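Encoded as structure tokens, the structure appears first; notes follow it.
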Amino acid sequence: MDIIDRIAERRIEEAMARGELDDLPGTGKPLALDEDALVPAELRMAYRVLKNAGCLPPAVALRREMRSVEALLARSEDDANRARATRRLSMLAARLDACGHRSPLWLERSYHERLVTRLGASTGSD
């Protein structure tokens, strides 16, 4: 800890000892952390409505499906299934990119090719 942190900690402990922090609003209650500070202010209400309705934002749903297809691809031993999973993964990555979100697969362009090579997937059409 640097000197500023030590001073701040000492002052907080002194205030707690004097009881100055006992009557703060929300004392003894859990923090309300459902506000998503990373979501732009103009989108928070829409995201909250979607969340309350049990819907996921499109980018989150696409990423979830991508993880599922990646797991399928990793455990698949059939070349035809690997080829289908690879095409599905490419399509999902393109949809994610079209939504304005960077796909984890395309952060490095060669990742997809290395994945296909490593898993021995066929990239030809069925």
Side-chain angles (χ1 to χ4, degrees):
M1 258 201 265
D2 67 4
I3 190 72
I4 303 292
D5 291 333
R6 288 184 198 154
I7 292 170
E9 283 293 322
R10 186 170 31 116
R11 288 190 178 172
I12 291 171
E13 288 172 2
E14 290 170 357
M16 288 173 57
R18 290 189 304 267
E20 294 176 6
L21 304 178
D22 291 343
D23 296 328
L24 294 176
T27 299
K29 297 178 185 172
L31 294 175
L33 298 176
D34 62 341
E35 286 293 321
D36 193 351
L38 299 178
V39 175
E42 65 273 7
L43 295 177
R44 285 187 190 140
M45 182 59 73
Y47 275 41
R48 180 166 301 206
V49 168
L50 288 172
K51 180 181 174 184
N52 290 341
C55 298
L56 291 175
V60 173
L62 286 170
R63 284 190 176 108
R64 183 176 285 177
E65 188 173 353
M66 287 175 74
R67 283 193 306 271
S68 172
V69 172
E70 286 172 337
L72 174 69
L73 184 61
R75 69 177 178 266
S76 178
E77 295 181 9
D78 179 33
D79 286 341
N81 287 339
R82 284 189 192 158
R84 276 193 295 279
T86 300
R87 286 193 301 274
R88 179 77 179 158
L89 199 53
S90 295
M91 188 268 307
L92 291 169
R95 286 171 80 188
L96 190 60
D97 286 342
C99 290
H101 297 272
R102 293 299 309 165
S103 162
L105 288 179
W106 303 114
L107 291 176
E108 183 181 333
R109 282 292 186 198
S110 64
Y111 175 80
H112 181 260
E113 287 80 16
R114 288 194 323 245
L115 177 68
V116 170
T117 301
R118 182 172 180 192
L119 295 174
S122 168
T123 57
S125 60
D126 290 345

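Keep in mind that this is a model prediction, so the values were computed, not measured.
- Within 6.0 Å of CZ in R18 there are more than 12 heavy atoms belonging to other residues, nucleotides or ligands.
- Counting non-hydrogen atoms of neighbouring residues, nucleotides and ligands closer than 6.0 angstrom, the CD1 atom of I4 reaches no more than 12 such neighbours.
- Taking 4.5 Å as the limit, some side-chain heavy atom of R10 sits within range of a side-chain heavy atom of I7.
- Using a 4.5 Å cut-off on side-chain heavy atoms (C-beta onward), L73 and T86 make contact.
- Residues L89 and M66 approach most closely at CD1-O, 3.7 Å, considering heavy atoms.
- Between M16 and L21, the shortest heavy-atom contact is CG-CD1, 3.3 Å.
- The CZ atom of R82 lies 6.0 Å from the CG atom of D79; values are rounded to the nearest 0.5 Å.
- Within 6.0 Å of CG in D23 there are 12 or fewer heavy atoms belonging to other residues, nucleotides or ligands.
- The local environment of CD in E77 is sparse, with at most 12 non-hydrogen atoms from other residues, nucleotides or ligands closer than 6.0 Å.
- Summarising the geometry, atom CD1 belonging to I12 is positioned 12.0 Å from atom CD belonging to E20; distances are rounded to the nearest 0.5 Å.
- The distance from the CG atom of L92 to the CD atom of E70 is 9.5 Å, given to the nearest 0.5 Å.
- No single ILVMFWY cluster, assembled from side-chain heavy atoms under 4.5 Å apart, contains both L43 and L50.
- Of all heavy-atom pairs between L72 and A85, the closest is CD2-CB, 4.4 Å.
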